[in-house]
2 protein chains.
Amino acid sequence: MELVDPADRPRCPEEAVMTQIESTETNGIDVTALVQTIEATKEDPSLSSFTFRARSIWQDGTHNVGQIHGFTHAGAQDHSRAAPFVLHGDEPPVLLGANKGANAVELLLQGLAFCYAVGFVANAAARGIEISRMEYEVEGDFDVRPFLGMPGQRPGFSRIRATGRVSSPNATPEQLQQLCRYVQDTSPVRDSLVNAVPVETTLQVI
Amino acid sequence: MELVDPADRPRCPEEAVMTQIESTETNGIDVTALVQTIEATKEDPSLSSFTFRARSIWQDGTHNVGQIHGFTHAGAQDHSRAAPFVLHGDEPPVLLGANKGANAVELLLQGLAFCYAVGFVANAAARGIEISRMEYEVEGDFDVRPFLGMPGQRPGFSRIRATGRVSSPNATPEQLQQLCRYVQDTSPVRDSLVNAVPVETTLQVI
């Protein structure tokens, strides 16, 4: 993240005392905490390590209930979430479901939209760019034939398109386009899609 | 999908008449409809084409609201969903958020879990395998440094592990393991992760 460290700003002695309690917030992002996170991770690289988790419990037909709760950070379990986030997954009728929730491939597109949005707003905050409005629309082309056991294109998305719409009161269009490129280069979800991720799958028969 | 077409079963004349209204259901999957879908797609390959969509609207900080609603099937808009599915995306406090929802990379893991579950239960139904219980747990290792602008591993998941737990009253462990391998080979989400997907990103400054 291309940061201007708030500690580098010229300040008077009174302001220096204030930094102990001051929080610099832009776009709802606590930039002071962001800088502290970066500095702490530089000092102790083990802080950069996360293992995230999701669980799904089959209900009936194409309907599953998902739970996202704890994760591991720097080797320790995070306990910040009192209860799991619960998601319903299902297919539309044309894919033999009852629309009790979004389907699996739609969640991938939603993940990319959220990832771009978080990356954009956080990096904007780090650069002092204010965001007044931001939306993403993501769409992906998909051939269901391989899933149905027929020859076709690949089983997954053949192509994904993402369009962001952003307004800023203090940045030029060029700055925002440059930020958009930076966000793509550092996006965890985009990287997991445009580059191969090893997936190890095991089945326990119980 | 390795199907035994119900039409191939020996049947008496009375049963033949019944097939007009009969629905063969296994694991909550309408196998008759599944076979009809496959046959229709074989006859008209344009039926295999889908474009799915997700939208995200930024709220504040790392909090975004996602909407998943319509999709395009065979060139036409699907109208089966009266209202959008609404998801909240956010980060945990350690990543500068307030836990108003799961984060972007967790949604990817949830998508893989749902995809495996749907693939398993549908292909089991097609093979006459009854499923009495099925769960998936998926976890992914992640290095936050590239997202924070520091050298590190790749921005995305370095590795994903999925574990299924399944019970069946009428299948052998070998049949279930074989099915698990088939589901991996045809899983849209797994394929989108283990193989590269082209992602085209554009930004509109408004």
Side-chain angles (χ1 to χ4, degrees), chain A residues 1 28 38 48 50 52-56 58 60-62 64 66 68 80 85 89 92 102 104 106-111 113-115 117-118 134 136-139 142-145 149 155-157 159-162 164-165 173 176 180 186 188-189 191-193 197-201 203-205, chain B residues 1 28 48 50 52-56 58 60-62 64 66 68 80 85 89 92 102 104 106-111 113-115 117-118 134 136-139 142-145 148-149 155-157 159-162 164-165 173 176 180 186 188-189 191-193 197-201 203-205:
Chain A
M1 208 164 278
I38 292 170
S48 68
F50 287 83
F52 290 104
R53 294 186 181 81
R55 185 175 175 216
S56 100
W58 176 59
D60 192 40
T62 57
N64 291 275
I68 294 172
S80 66
F85 302 115
E106 290 173 318
L107 283 191
L108 248 66
L109 303 177
Q110 188 70 75
F114 283 162
C115 193
V118 170
M134 185 176 54
Y136 278 91
E137 296 211 15
V138 181
E139 59 180 26
F142 174 69
D143 176 359
V144 79
R145 283 175 295 183
F157 282 118
R159 186 166 294 276
I160 292 174
R161 292 171 296 279
R165 274 184 282 279
L176 296 168
C180 178
T186 55
V189 172
D191 178 61
S192 299
L193 293 168
V197 178
V199 176
E200 181 189 327
T201 304
L203 184 72
Q204 297 171 357
V205 178
Chain B
M1 211 165 275
S48 69
F50 287 82
F52 290 105
R53 292 185 183 82
R55 183 175 175 217
S56 100
W58 176 59
D60 192 41
T62 57
N64 292 275
I68 294 171
S80 65
F85 302 115
E106 289 172 320
L107 283 190
L108 248 66
L109 303 177
Q110 189 69 76
F114 283 162
C115 193
V118 170
M134 183 176 54
Y136 278 92
E137 295 211 15
V138 181
E139 60 180 25
F142 173 69
D143 177 357
V144 79
R145 283 175 295 183
L148 294 174
F157 283 119
R159 186 166 293 275
I160 292 175
R161 293 171 295 278
R165 274 184 282 279
L176 296 169
C180 178
T186 55
V189 172
D191 177 60
S192 299
L193 292 169
V197 178
V199 175
E200 181 189 326
T201 304
L203 184 72
Q204 298 172 357
V205 178

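Quick note on labels: first sequence line is chain A, next is B, and so on, each numbered from 1. Computation of the quantities below employed the complete heavy-atom set of this structure, encompassing side-chain atoms and omitting hydrogens, waters and symmetry-equivalent molecules.
- Remark: R161(B) pairs with E139(B), D141(B) by the salt bridge (charged side-chain N to carboxylate O under 4.0 Å, His left out) rule, at least two apart or across chains.
- Chain B forms the most heavy-atom pairs under 4.5 Å with one residue out of L176(A), V205(A), V197(A), and that residue is V197(A).
- Taking chain A as the reference chain and counting heavy-atom pairs below 4.5 Å, the highest number among P198(B), G89(B), A113(B), G111(B) is found for P198(B).
- The two atoms that bring S56(A) and A117(B) nearest to each other are OG-CB, 4.0 Å, heavy atoms only.
- For chain A, the option among F157(B), Y136(B), W58(B) with the highest count of heavy-atom pairs below 4.5 Å is W58(B).
- At least one donor-acceptor pair closer than 3.5 Å links the side chain of Q110(A) to the backbone N or O of R55(B).
- Every residue two or more places apart in sequence or in another chain that forms a side-chain hydrogen bond (donor to acceptor under 3.5 Å, both in side chains) with T201(B) is listed here: Y116(A).
- Looking at every heavy atom in both residues, R145(B) comes nearest to S48(A) through NE-OG, 3.2 Å.
- Nearest heavy atoms, A104(B) versus F114(A): CB-CB, 4.0 Å.
- When all heavy atoms of L109(B) and F52(A) are compared, the pair lying nearest together is CD1-O, 3.2 Å.
- Minimum heavy-atom separation, D60(B) to G28(A): OD1-CA, 3.6 Å.
- Note: L108(A) CG to L108(B) CG = 4.5 Å, rounded to the nearest 0.5 Å.
- Shown here for S192(A) and G156(B), the closest heavy-atom pair between the two residues is OG-CA, 3.5 Å.
- For Q204(A) (side chain) and G164(B) (main-chain N/O), no donor-acceptor pair under 3.5 Å exists by modelled atom type.
- Residue contact with chain A, scored on non-hydrogen atoms closer than 4.5 Å, involves the side chain of F85(B) exclusively.
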